[in-house]
Amino acid sequence: MNTEFQQAQKRLESVMERINEETIRLDEETSKRKNEVVHIRKHFWDEIKVNNDTFDDFLETIIGLRQETQALSVSQSTHRHASKRLSTLRRMQEVPYFGRIDFIEEGDSTQEQIYIGISSLSDSSGEDFLIYDWRAPVSSVYYDYQPGPAKYKTPGGIIEGKLEKKWQYLIRDGVLQSMFDTSLTIGDEILQQVLGKGTDKQMHNIVATIQQEQNQIIRHDKGRLLIVHGAAGSGKTSAAMQRIAYLLYKYRDHLNADQIILFSPNKMFNSYVSNVLPELGEENMQQVTFQEYLDHRLGKEFEVETPFEQLEYVLTATKDSSYRSRIAGIRLKASIHFFEAIHSYRQSLEDTGMLFKDLTFRGKPIVTSQQIGEWFYSHDTSLRFHNRLEKLMEWLLEKIKDVQKMEYSKQWVQEEIELLSNEEYHKAHRYLAEKRGYKREEKADYEMEPKALARLIVQQKLKPLRKIVRAYRFIDYKGMYQQLFSNPQQIREWIEGETPASLPDICQATLEMLTQNKLYYEDATPFLLLKELIQGFETNSSIKHIVVDEAQDYSPFQFEFLKRLFPAARMTVLGDFNQAIFAHANEMVDFHTLTNLYGPDETEVINIARSYRSTKPIIEFTRRLVPNGKQIIPFERDGERPVLTQVDNYTKLHSCIVSKVAELRERGLNSISIICKSAKESASAYESLSSIDGLKLLRSNSLEYEQGVVVIPSYLSKGIEFDAVIIYDASANVYGDESLRRVFYTSCTRAMHVLQLYSVGEHSPFLQDGLQEGFIEN
């Protein structure tokens, strides 16, 4: 083995020399190209002779301009590619490769040694690969097979053969620290080492430790929809990020990062995952929360409740007299039945019910809302709905044109002309001269007629009104959404299936919010759908792939909306039903019924049951918190059992937490999270624990994931992991209701190495099984 290690070290040194050679070459190349770009930009117009005297001169100018533009574009593109490759090579100087397979292709007697890293590298001749990119077809053998028969898929077909050996390498800063023949060692040695380390401020790539089921997710390439249902800590998000990198690699000729969107659970999560793709030499895709999209579309019209405000209400307002009806309303508006009801309502508007706003100019109506409604329901009724609206828009623009003809001779126009500044007057003069066909040198000869200037003034004043008409902002969308809830009996007729008994209360609460120009979170997507169905969907066909993380937080209604919003996109959906903590959980997307979104032929469901985040003792406890927890398989990583400490009062609780944090810090655990049920409890805990040095409070608007000791509400901790988790108060008083079981499970599954639970008084009933079976120290 010693000889084998020496040979491996010698080969590594040779590869490092090649990487260094290539780094030096590209360093010079990027510097040269940067200077070229700077030079071309600086002297761009020096190289072009602008001459418009004859058509030939003009054509020559255009050709010269195009040539210089192309030269600049080529230099910029070359510089960009060289810089990107240089960045990748510098990462490869630290870890050039992490694995090797010894593979014999069927029909061949020669064994090929294939080394696998974050990017490919050829020898100086360019003929032989020293390292293969982890996304290359042959590299899938490393992730999918143990020694024995193996195969991989290429564009030309299936390649079969035999995997003789599989090696793992641990390399740091270009030095080989250890190597493992995985056919001889038990378990994944590198994965054990990676999981045993502390957490970082950001998620990192997992290319060295991708497991077979994760590789299946990464390389999946069939149908419109991939659903990944995985346990907490199963590596769903990591696999999804590697999947994006794989797609960018495989389809690099016609897919770029700008054509991929990741819908993430919160802004803080965006910063947490922002490092993964750059580590792999790829640009980051677009990252957005669904709330940011809603704010972008509705924020100017309404104050839109956030999903965290909704959840905070659900977690803290249980004694509110309207609590039950609000929960019923959330579930109703999350359902497919309500999605179909909005469609039925829109259909009914073809015959009656469209509401409009007055079109006013200078405080007086040009056309009243009633007149607009009468015209809409008496003209072109045989046309399709959207064509009728277009005809209505054309009629309104004609009305504005009539007003323009009548207004320019009125006194107010003359007053506006007298108030024009010199600059405004000359600007109007230039505009009208150009409109009349005067050339640049002839403009001074143009005598501006008072009538022409008056018409221009009126035209400019009416411009905002034309804009309103062309954007269909004369339609009263708010009024029509109010109208939908004005008659509970009508809603019952449109909704298939049973409606809640509290429907009149739901309608009343919705109307009260709308009166204040506010929207509940559960109303935001239905309101947008109604608007889109009336004026025509504002779709985005440039997006080719969307990834939805924490998919259990989305309602069936929202998925149907996303499908229509991105008609050209394929979708990867990741989630864990055990973490479905939002109030619509009863109307939650079941990952098997979500196949209806595109149909079973276009959908694949991958279940991953193995959990890697937490130590085995923590997983043995947390899987007993949820009904189907027996399906969760812990990775064999030893550690300490979760500990439950019961205290009599909050003074004692805070004293214990301060001591525990100090102890954990002494043990070298850098990332410590004190998880509370709600933001309200978090704020109180943060204030009481202020003596902890460097303590931070994370809120729903926090933009960056902070390392260190943090206080955080349960719902913001989703998707993030910590070295140690302290459950602030796991008492029956806080976690006594069965509806909070998933919230509690989500909080506990954030822990990698240490899970400490405190209880002020009697502990939560959720802990009973773990205590009885000895999975919690008490």
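What you see is a predicted model; the values in this text were computed from it and never measured. When reading the values below, keep in mind they use all heavy atoms of this one structure, side chains included, and skip hydrogens, waters and symmetry mates.
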Notebook entry, point to check: Taking the side chain from E301 and the backbone from L298, do they hold a donor-acceptor pair closer than 3.5 Å?
Noted result: no
Notebook entry, point to check: Testing Y650, Y735, Y758 for side-chain hydrogen bond (donor to acceptor under 3.5 Å, both in side chains) with D729, which one passes?
Noted result: Y650
Note to self: The test is side-chain hydrogen bond (donor to acceptor under 3.5 Å, both in side chains); show your working for T572 and R243 and say whether it passes.
What the structure shows: CA-CA 9 Å; T572 300; R243 173 166 170 72; 2.9 Å; yes
Next item on the list: Give a yes or no on whether a salt bridge exists between R326 and D320, defined as a side-chain N under 4.0 angstrom from a carboxylate O.
Entry: no
Notebook entry, point to check: Does M752 reach the side chain of V725, with side-chain heavy atoms less than 4.5 Å apart?
Noted result: no
Checklist line | Pair Y715 and F308, ring centroids less than 6.0 Å apart | finding: yes
Checklist line | Pairing residues for Q286 by the side-chain hydrogen bond (donor to acceptor under 3.5 Å, both in side chains) criterion, not counting sequence neighbours | finding: none
Check: Donor-acceptor pair, S678 side chain versus E681 backbone, under 3.5 Å?
Finding: yes
Check: Are the side chain of H229 and the backbone N or O of F577 linked by a donor-acceptor pair below 3.5 Å?
Finding: yes
Margin query: Assess, by modelled atom type and distance only, whether the side chains of E604 and H220 contain a donor and an acceptor separated by less than 3.5 Å.
Written below: yes
Note to self: Are the side chains of P526 and F338 in contact, using a 4.5 Å heavy-atom criterion?
What the structure shows: yes
Check: Any sub-3.5 Å donor-acceptor pair from S714's side-chain atoms to K677's backbone N or O?
Finding: yes
Margin query: If we ignore hydrogens and angles and just use 3.5 Å, is the side chain of R742 paired with the main-chain N or O of Q579 as donor and acceptor?
Written below: no
Note to self: Does L528 form a side-chain contact (heavy atoms from CB on, under 4.5 Å) with L530? I'd like the steps, not just the answer.
What the structure shows: CA-CA 5 Å; L528 259 186; L530 177 62; over 6 Å; no
Item checked: Test side-chain contact (heavy atoms from CB on, under 4.5 Å) applied to I608 and K236, step by step -> CA-CA 8 Å; I608 46 177; K236 299 182 296 294; 3.9 Å; yes
Check: Is the NZ atom of K652 crowded by more than 12 outside heavy atoms at less than 6.0 Å?
Finding: no
Checklist line | Residue pair Q552 / E550, side-chain donor-acceptor N/O under 3.5 Å | finding: yes
Donor-acceptor pairs under 3.5 angstrom involving side-chain atoms of residues 765-773: please list them, not counting sequence neighbours.
unit_1	atom_1	unit_2	atom_2	d
E773	OE1	R624	NE	2.6
E773	OE1	R624	NH2	3.4

Next item on the list: Apply side-chain hydrogen bond (donor to acceptor under 3.5 Å, both in side chains) to Q508 and list each qualifying residue two or more places apart in sequence or on a separate chain.
Entry: E512
Note to self: Looking at N284 and S274, would you say the former's side chain and the latter's main chain have a donor-acceptor pair under 3.5 Å?
What the structure shows: yes
Check: In terms of the angle between their ring planes, are Y554 and F559 parallel, tilted or perpendicular, with boundaries placed at 30° and 60°?
Finding: tilted
Notebook entry, point to check: Does E687 CD have over 12 foreign heavy atoms under 6.0 Å away?
Noted result: no
Notebook entry, point to check: Rounded to the nearest 0.5 Å, how far does NZ of K718 lie from OG of S264?
Noted result: 12.5 Å
Check: Is there a side-chain contact between M571 and L226, using heavy atoms and a 4.5 Å cut-off?
Finding: no
Next item on the list: Taking atom CD of E498 as the centre, report whether more than 12 heavy atoms of other residues, nucleotides or ligands fall under 6.0 Å from it.
Entry: no
Next item on the list: Assign the ring pair F302 / F527 to parallel, tilted or perpendicular, where the plane angle (0 to 90°) is split at 30° and 60°.
Entry: perpendicular
Note to self: Less than 3.5 Å apart, any donor N or O on the side chain of Q291 or D295 sitting next to an acceptor on the other?
What the structure shows: yes
Next item on the list: Taking atom types as modelled, find out whether K333 and T510 have a side-chain donor-acceptor pair closer than 3.5 angstrom.
Entry: yes
Check: Using a distance-only test with no angle check, is there a side-chain donor-acceptor pair under 3.5 angstrom linking T237 and D549?
Finding: yes
Checklist line | Nearest-0.5 Å distance, CG of residue D737 to OG of residue S764 | finding: 10.0 Å
Checklist line | Parallel, tilted or perpendicular: rings of F561 and Y293 (30°, 60°) | finding: tilted
Margin query: Nearest 0.5 Å, please: how far is NE2 in H763 from OG1 in T645?
Written below: 12.5 Å
Notebook entry, point to check: In chain order, what residues pass the ring pair (Phe, Tyr, Trp, His ring centres under 6.0 Å) check against Y745, with sequence neighbours excluded?
Noted result: none
Check: For the atom pair CD1 (I633) and OG (S234), what is the distance rounded to the nearest 0.5 Å?
Finding: 11.0 Å
Margin query: Does this structure show an ion pair linking R331 with E522, if we count only N-O contacts that are shorter than 4.0 Å?
Written below: no
Note to self: Test side-chain contact (heavy atoms from CB on, under 4.5 Å) on L757 and V643; report intermediate values, then the result.
What the structure shows: CA-CA 6 Å; L757 305 102; V643 176; over 6 Å; no
Next item on the list: For K680 and L315, indicate whether the former's side chain and the latter's backbone hold a donor-acceptor pair under 3.5 Å.
Entry: no
Next item on the list: Not counting sequence neighbours, which residues clear ring pair (Phe, Tyr, Trp, His ring centres under 6.0 Å) with Y313? List them please.
Entry: Y323
Check: Roughly how far apart are L514 CG and D523 CG, rounded to 0.5 Å?
Finding: 6.5 Å
Margin query: Just to verify, which of T615, L755, I618, V754 counts as forming a side chain to side chain contact (heavy atoms under 4.5 Å, CB included) with E640?
Written below: V754
Next item on the list: State the CZ-CD1 distance between F566 and I546, to the nearest 0.5 angstrom.
Entry: 5.5 Å
Notebook entry, point to check: So, do I692 and L689 sit near enough that their side-chain heavy atoms are less than 4.5 Å apart?
Noted result: yes
Item checked: Sidechain-backbone polar pair: S614 side chain, A751 backbone, donor-acceptor under 3.5 Å -> yes
Check: So, are K616 and E636 salt-bridged, with charged N and O less than 4.0 Å apart?
Finding: yes
Margin query: Checking H753 against R613 for the side-chain hydrogen bond (donor to acceptor under 3.5 Å, both in side chains) test, could you report, in this order, the C-alpha distance in whole Å, the side-chain angles of both residues, the deciding distance, and whether it holds?
Written below: CA-CA 9 Å; H753 310 298; R613 175 186 296 135; over 6 Å; no
Note to self: Please determine whether side-chain hydrogen bond (donor to acceptor under 3.5 Å, both in side chains) holds for the pair N628 and N578, giving the CA-CA distance in whole Å, both sets of side-chain angles, and the decisive distance to 0.1 Å.
What the structure shows: CA-CA 8 Å; N628 56 353; N578 288 321; 3.3 Å; yes
Check: Is E312 reaching over with its side chain to a backbone N or O of A679, donor-acceptor style, under 3.5 angstrom?
Finding: yes
Item checked: Criterion side-chain hydrogen bond (donor to acceptor under 3.5 Å, both in side chains) on T499 and R492, from CA distance to verdict -> CA-CA 7 Å; T499 55; R492 284 199 170 97; 3.0 Å; yes
Margin query: So, using side-chain hydrogen bond (donor to acceptor under 3.5 Å, both in side chains) as the criterion, who are the partners of N778 when residues are at least two apart?
Written below: none
Notebook entry, point to check: Where do I491 and F485 land on the side-chain contact (heavy atoms from CB on, under 4.5 Å) test, with the steps shown first?
Noted result: CA-CA 7 Å; I491 293 183; F485 291 94; 3.7 Å; yes
Notebook entry, point to check: Within the distance-only criterion (no hydrogens, no angle test), does the side chain of H296 pair as donor or acceptor with the backbone N or O of E292 below 3.5 angstrom?
Noted result: no
Next item on the list: Tell me, yes or no, whether the heavy-atom count around D693 atom CG, taken from other residues, nucleotides or ligands under 6.0 Å, exceeds 12.
Entry: no
